[in-house]
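Please read the structure below before turning to the comments.
It should be emphasised that the depicted structure is a prediction, and the values quoted were computed from it without experimental measurement. By convention in this document, chain letters (A, B, ...) are assigned in the order of the sequence lines, proteins followed by strands, and residues within each chain are numbered from 1. The figures here come from the full heavy-atom set of this structure, side chains too, leaving out hydrogens, waters and symmetry mates.
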Amino acid sequence: MKLTVVLLLSIALTSIIGTVIPQNENPEAYLRAYGEYLYRLFDVLDIFNMYHSWWFQLLLVLLTMNIVVCSIDRLSATWKIVFAKNPSFNLSRFRKLTQKEEINASYPPNELKKRYEPFISKQFGYTRVEETEKGLCIFAEKWRWTRLGVYTVHLSVILLLLGGLIGSIFGFQGYVNIPEGEKVDSIRARDTGKIRYLGFEIKCEDFNVSFYDNGAPKEYRSSLTIIEKGHPVYKKDIIVNDPLRYKGYSFFQSSYGKMAPNTASKKKEVANKPSDEITLNFAGSQSGKSYRIKAVIGKPVDIPEGLGKFVVVEYRKTAEFAGQNIGDAYVGILTPSGEKPVEVLLPLHFPNFDRMRKGAVVISVADQTAKKFNPGKQTGERYYTGLQVTKDPGVLVVYTGFIVIIIGCFITFFMSHQRVCIDIIKGKTKSKIIVTGTANKNKMGMQQKVKKLSDQLANLSHRS
Amino acid sequence: MTSSNLLSITTFIFGAAAFFYFAHWIFKKQLFGRLGTWTALIGAVGNITGLIMRWVESYRMGIGHAPLSNMYESLVFFAGTIVIIYLFIERKSKNAIIGAFATPIAFLALAYASMSPNISDRIQPLVPALKSNWLIAHVITCFLGYAAFAIAFSISIMYLFKRRDVQKTSSLLSHFPKTQVLDELNHQMIMFGFLFLSIGIITGSVWANSAWGSYWTWDPKETWSLITWFIYATLLHARMMRGWYGKRIAYLSIIGFMAVLFTYFGVNLLPGLHSYGQV
């Protein structure tokens, strides 16, 4: 038990490292961030891919083994209780309980037994009547099997880890880019970069991306066709959250991009290029005032309120932000007074774009109207769709674990093995009835149940 | 009236409820307790109505989606859930002083949502990754868990106060529930929260598998939710197996809630996939 807590806490604590240090980035980025000494140290300890490192996996394996050992160790005792043929009741133990409910009835024990037994057996299932030296007593119990709940939770954790293991051994994660109208028969593994043949072909008929009015992406859609031996066998449009599944492989919409433009569209680009003189709008975040200033590419302008200098560097026909095409834009360098210069993107379709930067000044191109932007529809351009391809035979095991853990937690937390004892003691004219009960969990809740039961029994004993 | 206005008003109603509960605690007048209960109930209704209005408004804007898609909406839902679970407990335990510790959290959450300059209350369209039926199941279960842990946290604080007063001299603590009751309530809330946190992680995991093709990627939010899960798992094991109760459970419950807060807010400072929660 101590070991379990130590393992749980050490996994929890070491996990924190991987959330603070970004995982699986390229070595240069790490070198820049941590310097050579720390980089070497972290590298030796596998910190940059720590969740797959030998020591982290070892902790997980140890935890699993610990769970298995502890569960087996305790299961044998529980097993005997749960599968006992005749549940044992110990009257003296119930009589020793301090919390008890007492009622009186003017019937002899046998008559009360007749009244109580059907009611109790309906509530509890198992009942047994025994004679005592002072009268008789009714034992009843229910949910004995819930003592196994905690083992199902442990079993599910093992299923989860097992499913993960199956996935890491037999699973596969890869990606492929397919240009519109073309097909592929192989994919590239994400970790090793090796080529893997699918045994069938997959074709991208069409790719489309649409945007909301505010510029946020609305939908990425690829029309895919599976081709077996030259014949199309399955067609599906995939979007994010709705992949195509075929022969154990799943194809997820993951990214997209533009093919290198042909010469025809380049000519068009030149023709459409706006003049070099641009009217810019500067809005001070603090003051709330905005200023219009004419600028020419390559010539720095001073921003009012002493907010620094700004220079437009170039015009781009297709600018990208976070891997997405946002249409044509100016690119500029902003040098706030006393700070490092930053690159600023001024897309012509999204006037409020620069607000995102949360800087002291918001820059935009003046007089632009937010034209609807749909790069999917521009002529003479071809896209490719980026698909994430996975095969994970462990998923079924993991999902089974998910279901078992929910059911197991519910049983473990909210159901308990409940036993009650109704001790009927014969008096001269009246009978005294003492109701007691125990549960292996939630003892306070059990007390309330005992109280309720005794109220119900009191009712039964007065009705004629 | 727009949903944002209604939710701003709800913030003040929760504030008033917290105030009444405080007055009930300090002056020990039943009247204040009852006022607190009714105010909290009105606030909860306002909160739910606000969310429903927001849902309707999003459909009017043509970008209809459940109001559970960003920081603002999650905070509103969080505040509402805390108050509703609290009211349920108040009814069961018949003690309104817990309200003086639980409702301020709901008030703070909603006040932060309504007033923080970093949180936009604009209804934004869903990005492709969020367009899934799992969104509703995932967010609701996670926040039921978070809310239960928030209440367990306030009960733990009460427990630690009550426990220090061994001689039972402090009149301020005399109307607190008994330490055993607080301890048991804390445990109940943690079990409830743990079940829902588990379902929340699972639904998120299944969702990730249908969106990205991988049910677990050790992204910071995932990892931190697992860390939180481990802390509460440790607590439950310590209690069930080692018979821990009282002070140690209360401290673990407080640590657990700190992990919840970090999973909720702190992770946004780290790099990762769950960036929807940021603004």
What option among [options] has the most heavy-atom pairs under 4.5 Å with chain B?
options	answer
A/Lys441, A/Arg245, A/Arg74, A/Gln253	A/Arg74
A/Ile405, A/Val398, A/Leu9	A/Val398
A/Thr412, A/Val150, A/Thr390	A/Thr390
A/Val395, A/Val389, A/Ile239, A/Val240	A/Val240

Heavy-atom pair of closest approach, residues [X] and [Y]:
X	Y	answer
A/Pro217	B/Pro128	O-CD, 3.3 Å
A/Gln388	B/Trp212	NE2-O, 3.1 Å
A/Pro243	B/Ser210	CD-O, 3.5 Å
A/Phe402	B/Ser205	CZ-OG, 3.4 Å

[X] side, atom [atom1]; [Y] side, atom [atom2] - distance, nearest 0.5 Å:
X	Y	atom1	atom2	value
A/Thr14	B/Ile227	OG1	CD1	8.0 Å
B/Phe192	A/Phe414	CZ	CZ	7.0 Å
A/Cys409	B/Leu236	SG	CG	8.5 Å

Hey, is [atom1] on [X] packed in by over 12 heavy atoms from elsewhere, all under 6.0 Å?
X	atom1	result
B/Lys131	NZ	yes
A/Phe172	CZ	yes
A/Lys236	NZ	yes
B/Phe265	CZ	yes

Seminar exercise, completed: Given B/Ile201, B/Asn133, B/Leu195, the one with more heavy-atom pairs under 4.5 angstrom with chain A than any other is B/Leu195
For this session: Please determine, among B/Pro125, B/Gly62, B/Ser132, the option with the most heavy-atom pairs under 4.5 Å with chain A.
Result: B/Pro125
For this session: If the plane angle is over 60° it's perpendicular, under 30° parallel, otherwise tilted; pick one for A/His154 and B/His237.
Result: parallel
Contact class of [X] relative to chain B, heavy atoms under 4.5 angstrom:
X	answer
A/Phe56	side chain
A/Gln173	side chain
A/Ser250	neither
A/Phe251	neither
A/Phe252	side chain
A/Leu13	neither

Exercise. Would a line drawn from the ring center of A/Tyr51 to the ring center of B/Trp216 be shorter than 6.0 Å?
Worked result: no
Quick one: what part of [X] sits under 4.5 Å from any heavy atom of chain A, side chain, backbone, both or neither?
X	value
B/Leu226	neither
B/Asn209	both
B/Ile63	side chain

Exercise. Taking the side chain as C-beta and beyond, is there a heavy-atom pair between A/Asn241 and B/Trp134 under 4.5 Å?
Worked result: no
Problem set entry | Validation row: A/Thr19, B/Trp218 side chains within 4.5 angstrom (heavy atoms) | no
